[in-house]
2 protein chains.
Amino acid sequence: MTAERYTGGLDFILDQTSGVPYYRQVIKQVEMAVADGRLNKGSKLPTVRSLAVHLQINPNTVARAYNEMEIRGIVNTQQGTGTFISEKKIDLTDEERKDILDALIRSFLANASSYGFNIDDVTGHLNTLKEDVKL
Amino acid sequence: MTAERYTGGLDFILDQTSGVPYYRQVIKQVEMAVADGRLNKGSKLPTVRSLAVHLQINPNTVARAYNEMEIRGIVNTQQGTGTFISEKKIDLTDEERKDILDALIRSFLANASSYGFNIDDVTGHLNTLKEDVKL
DNA sequence: TGATCTGTACTAATAAACTAGTACGATATT
DNA sequence: AATATCGTACTAGTTTATTAGTACAGATCA
């Protein structure tokens, strides 16, 4: 029986051929897990070391991912305890939230349109996803 | 009367403090213009040199932006003639298109959720945008 | 309080990204 | 064919990003 490496029930995997930096792959996988409900507020992430061992990378690379998420408010960390999905989001005014969302969506639409998709394609597919994705 | 620098009616501007590379800012501004209808299929982009002069950067930096868009299929270029918004998109199967859109949207949702937005926030705001954005 | 768990600081080596200088080749126009 | 207008190739310098090695510091628990 081998010592199991704790990954919080998540299947972290690195694509070493994608060219995407390891720490960003980690962030994206956490974001995805939050987005579809596999991680909830207060959920504990694997420790820096255990995930580093699991992914066979340096602990600092995992730490960097966690630190960036900490800055963004996605997680909060406590030495000696661990890293957890944030309980509450930063408090912004409705106006600020709206502006941020607007910028995010416009940027996304611009990107999508460069692939030939229009706003109706997006909304159409979003409706399909609504059943799969639990937020 | 000063020689006017042709920018195709678009107001290209570089934010030198954002940290975002110049060539990516150019790409984004073209994508945005395509997304909201300021640029249509066949529209001519400013020449590499004229835009380089306008933005006060090296022609190769503009060329890099154009070249990347060429690879993505957003524009097509012809030496001696100029660079134009692509007439037609690459031919993909419906299945391929669906997979690409799905990946794009899921990635976006993950990103949006890291800001605290959920799928309903997104769809709600999209409906607001439908009137502004013409694709 | 000692052992062991947690994240972190500091350094450095390497790789990749970014931009510019300069010269070239292809196309269009006259 | 000459000339002006287009994008491109090649090179190189500089900066930034990425990752790892190693050692440290805070928190928990037996």
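In what follows, every chain begins at residue 1, and chains take the letters A, B, ... in the order their sequences are listed.
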Please tell me if [X] has a side-chain N or O lying less than 4.0 Å from either OP1 or OP2 of [N].
X        : N       : value
Thr81(B) : dA28(C) : yes
Arg24(A) : dT18(D) : yes
Tyr23(B) : dC18(C) : yes
Asn58(A) : dG21(D) : yes
Thr77(A) : dT8(C)  : yes

Give the rounded distance in Å between these two atoms: [atom1] of [X] and [atom2] of [N].
X        : N       : atom1 : atom2 : answer
Gln56(B) : dA20(C) : CD    : P     : 11 Å
Tyr22(A) : dA15(C) : OH    : C1'   : 12 Å
Leu45(B) : dC6(D)  : CG    : P     : 13 Å
Arg64(B) : dA16(C) : CZ    : C1'   : 10 Å
Gln78(A) : dA25(D) : CD    : P     : 20 Å
Arg49(B) : dG25(C) : CZ    : C1'   : 12 Å
Tyr66(A) : dT18(D) : OH    : P     : 18 Å
Gln79(A) : dC5(C)  : CD    : P     : 16 Å

Test of understanding: clusters of I, L, V, M, F, W, Y form through side-chain heavy atoms closer than 4.5 Å, transitively. Do Met69(B) and Phe84(B) belong to the same one? no
Does a salt bridge link Asp102(B) with Arg106(B), judged by any charged N lying under 4.0 Å from a carboxylate O? yes
Looking at Glu31(A) and Arg72(A), is there a salt bridge between them, counting it only when a charged N and a carboxylate O are closer than 4.0 Å? yes
Which residue, Val20(A) or Ala63(B), contacts DNA chain D at a nucleotide closer to its 5' end, judged by nearest heavy atom? Ala63(B)
Assert: residue with more 5' nearest nucleotide on DNA chain D, out of Pro59(B) and Ile57(A), is Pro59(B)
Any donor-acceptor N or O pair under 3.5 Å, side chains Lys28(B), Ser107(A): yes
Can a donor-acceptor pair under 3.5 Å be found between the side-chain atoms of Asn60(A) and the base atoms of dG21(D)? yes
Using side-chain heavy atoms (C-beta onward) and a distance below 4.5 Å, is Phe108(B) in contact with Val122(B)? yes
